[in-house]
Amino acid sequence: MIEFEHVVKDYNGITAVDDISLELSAGKICVFIGPSGCGKTTSLRLINRMIEPSSGTIRLDGTPVSKIKAEQLRRGIGYVIQSVGLLPHMSVRENIGIVPRLLGWDRNKRAKRADELLELIGLAPAAYRDKLPHELSGGEAQRVGVARALAADPPVLLMDEPFGAVDPLGREALQREFLSLNRELKKTVVFVTHDLDEAIRLGDRIVLMRDGKIVQDDIPERILGTPHNEFVREFIGADRALKRLSCFTVESCMHQAAVLEQALLEDGKPPADLEVNGTGTLWIVDAGAVPVGMCRRSDGKWGDVRDVRAEELGVKTLSSLRDALSRLLGRGLKAVPVLSDGNRLVGEVRLTDIEAVNQSDGYV
Ligand SMILES: Nc1ncnc2c1ncn2[C@@H]1O[C@H](COP(=O)(O)OP(=O)(O)O)[C@@H](O)[C@H]1O
Ligand SMILES: [Mg+2]
């Protein structure tokens with residue numbers, strides 16, 4: 001757990017952090033957000049003593065960080081920044097091994113750990129371990145930056161606008177991967193961003209700052225649902241209802257889907273006596289359970305089977321309801337398939353599910 005107790009940071013007359021008190025729970029993602037210059041980066045860097053507070057105390061699992069050697073602290077806390085900071089002349093493997101080397105791990109152990117982490121972040125070790133940073137795309141470099149921060153398995157990760165330089169589509173993928181990664185690793189994450197959508201997607205909790213102070217500290221649903229004041233309302237912007245959908249994963253409200261294996265079609269149609277509930281949508285899957293077609297039943301009759309490309313139509317379990325809605329509306333469908341990582345069908349999310357969430361005050 002990380003605690004801020006009346007923390008202040010002054011820079012010759014400018015108060016960058018102005019009397020902040022907070023308790024951040026272990027294993028959760030807390031997002032600091034706010035306009036440029038509001039003190040997000042300063043707050044983050046106070047935690048690993050890259051800078052020292054003017055007054056107040058920060059504790060890590062009960063111990064004031066001022067009592068822990070800065071060096072030791074930084075080795076025990078992963079730090080990820082936007083420009084990644086990969087060393088250009090070092091290979092991916094060497095970059096990931098920087099902290100382990102400082103900790104005295106031998107070459108074999110470092111190499112093994114690097115491969116393990118590359119696997120974890122979805123980059124094939126054989127293809128990536130010997131690459132140099134300039135041979136990576138922005139998104140790949142950012143993944144390696146995350147791997148490097150995780151190398152010595154620190155319990156805490158500080159991330160300062162880590163995905164800010166990646167294009168929107170790539171950023172969404174990184175956010176989804178990071179969310180799923182942290183479900184497994186359960187690191188205590190302090191994440192800085194100025195992108196509200198990112199904060200809502202990732203945060204278990206959002207701390208909204210202005211002029212060095214905390215304006216609202218809440219779960220995302222409440223930041224959007226009950227903004228404390230005009231500043232918060234303005235910061236959130238007009239499309240609150242839509243943004244609120246980003247708070248919910250598809251997983252939290254998906255339904256079982258009606259499924260038929262392709263081999264069981266009769267003259268290209270589902271068996272006439274096959275009934276389905278819900279939206280009347282039947283997903284046709286191949287032998288590997290990947291959707292290849294869909295068919296609607298209305299007035300007791302099957303329509304034609306339409307071809308479906310799973311990766312274009314489907315959403316993932318950790319996609320947001322907002323993503324699901326844009327697929328649904330874009331295709332004029334009543335349901336979209338939910339896919340596991342191998343594109344296997346695991347359920348469907350329906351327009352009615354999304355309407356229900358939008359009408360609830362739903363702190364799901
Ligand atoms: N090293 C520094 N010297 C003087 N002022 C600084 C320094 N670092 C940050 N500041 C000031 O502190 C305030 C907060 O900065 P920062 O924490 O970087 O904001 P954010 O990350 O939210 O954009 C800003 O007014 C900034 O100009
Ligand atoms: Mg900053």
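Quick caveat: nothing in here was measured; it's all calculated off a predicted structure. Each ligand, and each atom within it, is numbered from 1 in the order the structure gives. Computed from heavy atoms alone, side chains included, the values below leave out hydrogens, waters and symmetry copies.
- Contact annotation: Thr41 places an N, O or S atom under 2.8 Å from the Mg ion (ligand 2).
- The backbone N or O of Leu274 sits less than 3.5 Å from a side-chain atom of Arg297, completing a donor-acceptor pair.
- In this structure, atom 27 (O) of ligand 1 has no protein heavy-atom contact shorter than 4.0 Å.
- Between Leu117 and Ala147, the shortest heavy-atom contact is CD1-O, 3.5 Å.
- Within a 6.0 Å sphere centred on CD of Gln256, other residues, nucleotides and ligands contribute 12 heavy atoms or fewer.
- Looking at atom 1 (N) of ligand 1, its nearest protein heavy atom turns out to be Tyr11 CE2, 3.5 Å.
- Backbone and side-chain nitrogen or oxygen atoms of Ile14 are examined, and none is located within less than 3.5 angstrom of a nitrogen or oxygen of ligand 1.
- Within the 4.0 Å heavy-atom cutoff, Cys38 counts among the residues contacting ligand 1.
- Nearest protein heavy-atom contact of atom 14 (C) of ligand 1 is Gly37 O, 3.3 Å.
- Closest protein heavy atom to atom 12 (O) of ligand 1: Ala16 CB, 3.2 Å.
- Cation-pi geometry between Arg74 and Tyr79 is not met: the NZ or CZ atom fails to fall both under 6.0 Å from the ring centre and inside 45° of the normal.
- When each of Arg322, Lys243, Gln175 is tested with Asp197 by the rule side-chain hydrogen bond (donor to acceptor under 3.5 Å, both in side chains), just one qualifies, namely Arg322.
- Side-chain N or O atoms of Ser21 include one that pairs as donor or acceptor with a backbone N or O of His6 at under 3.5 Å.
- Taking atom 16 (P) of ligand 1 as the reference point, the nearest protein heavy-atom neighbour is Thr42 OG1, 3.5 Å.
- Atom CG of Asp10 has more than 12 heavy atoms from other residues, nucleotides or ligands within 6.0 Å.
- Scanning all protein heavy atoms for the shortest distance to atom 18 (O) of ligand 1 gives Thr41 CB, 3.7 Å.
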